[in-house]
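See structure below.
Letters go in sequence order (proteins before strands), and every chain restarts at 1.
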Amino acid sequence: MIDIRQLRKDPQAVKDLMARRNKPDLVDQLDRAERLDIRLRDITAERDDIRRQVNELSKQVATLRRSGDDKAAESVMTESRALGDREDALAEEFAQASETLRQALLMIPNLPHPEAVLGGGDHDNPVRKGPINMPAEFADHQRVPHWETGEQLGILDNERAVKISGAMFTMQRGAGATLARALCQFALDMNADAFEEVRPPSLVTTATLTATGQLPKFADDAYSIERDDLWCIPTAESSLTSIHAGEVLNEAELPKRYMAHTSCYRREAGSAGRDTRGMLRAHEFDKVEILAVTTPEQAEETLNDLLVRVERAINALGLPYRIIEICTGDMGQSHHRSYDVEVYSPGADTWLEVSSVSWFSDYQARRADIRFKRQGQKGTEIAHTLNASALAVPRVWAAILENFRQADGSVVVPAALHPYMRGITVIKGN
RNA sequence: GGAACGGUGGCAGAGUGGACAAUCGCAUCCGCCUUGAAAGCGGAAGGCUCAAAAGGCCCGGGGGUUCGAAUCCCUCCCGUUCCGCCA
């Protein structure tokens, strides 16, 4: 959520920042929230005044009762009862108005960073670095889509995955399954120097999925288990962010850094018919996520660190990659500033997004109520959260199959993965 | 799933209709003492809301009874233990 106090204090500044997202409707939403907030404060003031009177009268009753003056007490009680009726009416109006405002605020996206590049959509995302590891040209044997290679080598069996679970599910087998797992272990080991490994729950509550911004707006994208009021996580970000939900942390313990390997579940409701072959888009996939909870001052440096870490892993695999910045018009709802790391797929002749490195400012932390206390200062402050996919398995798996395919149809496994491959250095057909 | 007992500030733990935002302890902060620290002594300090003061709100969530609820009632959630079931 955005900070309602900021909107109250300087509405124009907030609207100007929001306008950078290039969606006029968003400014209207801010106007509406502003009006609701004013109304709510009026109700609050009146209700609090009545409460004050009732509290005062109640004390009088107690005093009168103690002194034995029951008659006077009765009369005060009558007066107080009348105020109580009025308070009930105001309380109801308050509850309604605050719920309306809360719902409105939950739908409003984060304010972009003032230096985030302006743009209208993904076509405006500038390349910030790269391409790196890009050969002058690709050989014909590299121009084979990974799903063909995967089938030829017997390591990708999507046909049976569909039999088991339906369209858009995948299944890796043999060395393919080993490769998928190796990628996860590799990514975890790359970040173990600074991140605590966590194995969080994959099914989470509505509150948890609301904290990171998936709900209520993007409910259609997530799998829900209605009978138990749970949701399948679309990313470990959801679980990891809520580790400290409702907590007050000490400034000294920040940044908190976590990493997790989990399966991720996405309905891909808006993508029906797209990327239906291979591993590029699936309802279930594995990913290693790295996440940090920081002070506002630590956030920018942490963002850079996350980006460096993602880049280091991709680079260590020897894949061609580039880094793009996400412009204001293409940023996700919770994002304050973000970068994508893309890997080149010679088989499909396209760049694949393999990681999104994101700074959420206090947007998610406010929803999750993650606060911290500064040493020697009164009060608390909302923390910042950031995260990145340290490695998303399917697209990296696909890129390896294409980039490292040999003329004989085999695939050379990057050296960085050898420790995890049980001795397999080249994936050959059966 | 059944039963019993619980849920109170950063932690621990009293309080069972009114003087309770809530005893005491630990941890925290500030003084004194000390070369410095610890110990000891004295003091300060919960969170949220409002520009702030006043005020209001907060004892797991929600609802109710009452002039007045941490305290009584209803309901939901969570925890512990036992039983059942199960990997």
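More than 12 heavy atoms of other residues, nucleotides or ligands sit less than 6.0 Å from atom CZ of A/Arg199. Counting non-hydrogen atoms of other residues, nucleotides and ligands closer than 6.0 Å to CZ of A/Arg160 gives a total of 12 or fewer.
For A/Arg47, no side-chain nitrogen or oxygen approaches OP1 or OP2 of B/G55 to under 4.0 Å. The side chain of A/Asn55 contributes no N or O atom lying less than 4.0 Å from OP1 or OP2 of B/G55. When the side-chain nitrogen and oxygen atoms of A/Arg5 are compared with OP1 and OP2 of B/A51, none of them lie within a distance under 4.0 Å. Applying the 4.0 Å criterion to OP1 and OP2 of B/G18, one finds that A/Arg65 has every side-chain N and O outside that range.
When ring centroids are compared, A/His418 and A/Phe186 stay outside the 6.0 Å threshold. Aromatic ring centres of A/Phe360 and A/His335: separated by under 6.0 Å.
One can place CD of A/Gln60 at 21 Å from P of B/U66, the figure rounded to the nearest angstrom. Rounded to an integer number of Å, the gap from A/Phe94 CZ to B/C57 P is 11 Å. As a whole-Å value, the separation of A/Glu87 CD from B/G56 P is 11 Å. Across the protein-nucleic acid pair, A/Leu57 atom CG and B/C67 atom P stand 12 Å apart, rounded to whole Å. Going from atom CD of A/Glu92 over to atom C1' of B/G63 covers 13 Å, rounded to whole Å. The nearest whole Å value for the distance from the CG atom in A/Leu83 to the C1' atom in B/G56 is 15 Å. In this structure, A/Gln6 places its CD atom 15 Å from C1' of B/A51, rounding to the nearest Å. We find that CG of A/Asn250 is positioned 10 Å from P of B/C29, with the value rounded to whole Å.
A residue-by-residue look at A/Val248 and A/Ile4 shows that A/Val248 has its nearest nucleotide of RNA chain B further toward the 5' end. Each of A/Val54 and A/Asp37 was assigned the nucleotide of RNA chain B with the nearest heavy atom; the assignment lying further toward the 5' end belongs to A/Asp37.
Of the candidate nucleotides B/U66, B/G18, B/C50, B/U66 has the atom lying nearest to any side-chain atom of A/Arg81. Residue A/Asp48 has its side chain nearest to B/G55 when only B/G18, B/G55, B/C67 are considered. Considering only the side chain of A/Arg52, B/G56 comes nearest among B/G18, B/U66, B/G56.
Salt-bridge annotation for A/Arg41 and A/Asp37: present, with a side-chain N of the basic residue lying under 4.0 Å from a carboxylate O of the acidic one. Comment: A/Glu34 engages A/Lys15 in a salt bridge, judged by a side-chain N to carboxylate O separation of less than 4.0 angstrom. Using a 4.0 Å cut-off between charged side-chain N and carboxylate O, A/Glu289 and A/Lys287 make a salt bridge.
Comparing the C1' positions of B/C78 and B/G60 gives an interatomic distance of 7 Å, to the nearest angstrom. Rounded to the nearest Å, the gap between the P atom of B/G10 and that of B/U28 is 16 Å. B/C32 and B/C48: their C1' atoms are spaced 36 Å apart (whole Å). B/U81 and B/G43 are spaced 42 Å apart, taking the P atom of each and rounding to whole Å. Across the C1' atoms, B/G15 and B/A69 are found 13 Å apart, a figure rounded to whole Å. As rounded to the nearest Å, B/C20 and B/C33 have P atoms that lie 37 Å from one another. Atom name C1', nucleotides B/A51 and B/G13: the rounded distance is 39 Å, in whole Å. On the C1' atoms, B/U8 is 14 Å away from B/G47, given to the nearest whole Å.
Within 4.0 Å (heavy atoms only), A/Val61 reaches at least one base atom of the nucleic acid. Note on A/Arg41: only backbone sugar-phosphate atoms sit closer than 4.0 angstrom, heavy atoms only; bases stay farther off. Residue A/Ser80 is classed as a sugar-phosphate contact, given heavy-atom separations below 4.0 Å to backbone atoms only.
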Subject >> A/Glu381 vs A/Arg371, salt bridge (Lys or Arg N to Asp or Glu O under 4.0 Å): CA-CA, chis, key distance, verdict >> reply: CA-CA 5 Å; A/Glu381 220 173 300; A/Arg371 291 173 292 162; over 6 Å; no
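Partner assigned to B/G1 is B/C83, using Watson-Crick or G-U wobble distances below 3.5 angstrom. A 3.5 Å limit on both hydrogen-bonding distances identifies B/C41 as the Watson-Crick or G-U partner of B/G31. Pairing for B/C57 is with B/G47, a Watson-Crick or G-U wobble pair whose two hydrogen-bonding atom distances lie under 3.5 Å. Pair check for B/G6 finds B/C78; Watson-Crick or G-U wobble, both atom distances under 3.5 Å.
Side-chain N/O atoms of A/Gln103 and A/Glu99 include a donor and acceptor closer than 3.5 Å.
Judged by distance alone, with hydrogens and angles left aside, A/Asp49 brings no side-chain donor or acceptor close enough to the base of B/G55 to form a pair under 3.5 Å.
Each of A/Leu203, A/Thr205, A/Ile225, A/Leu215 was compared with A/Trp231 under the side chain to side chain contact (heavy atoms under 4.5 Å, CB included) criterion, and only A/Leu215 meets it.
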Identify all pairs in which a protein N or O lies below 3.5 Å from an N or O of nucleotides 45-47 of chain B, and state each distance.
unit_1	atom_1	unit_2	atom_2	d
B/G47	OP1	A/Lys373	NZ	3.3
B/G47	O3'	A/Arg371	NH1	3.3

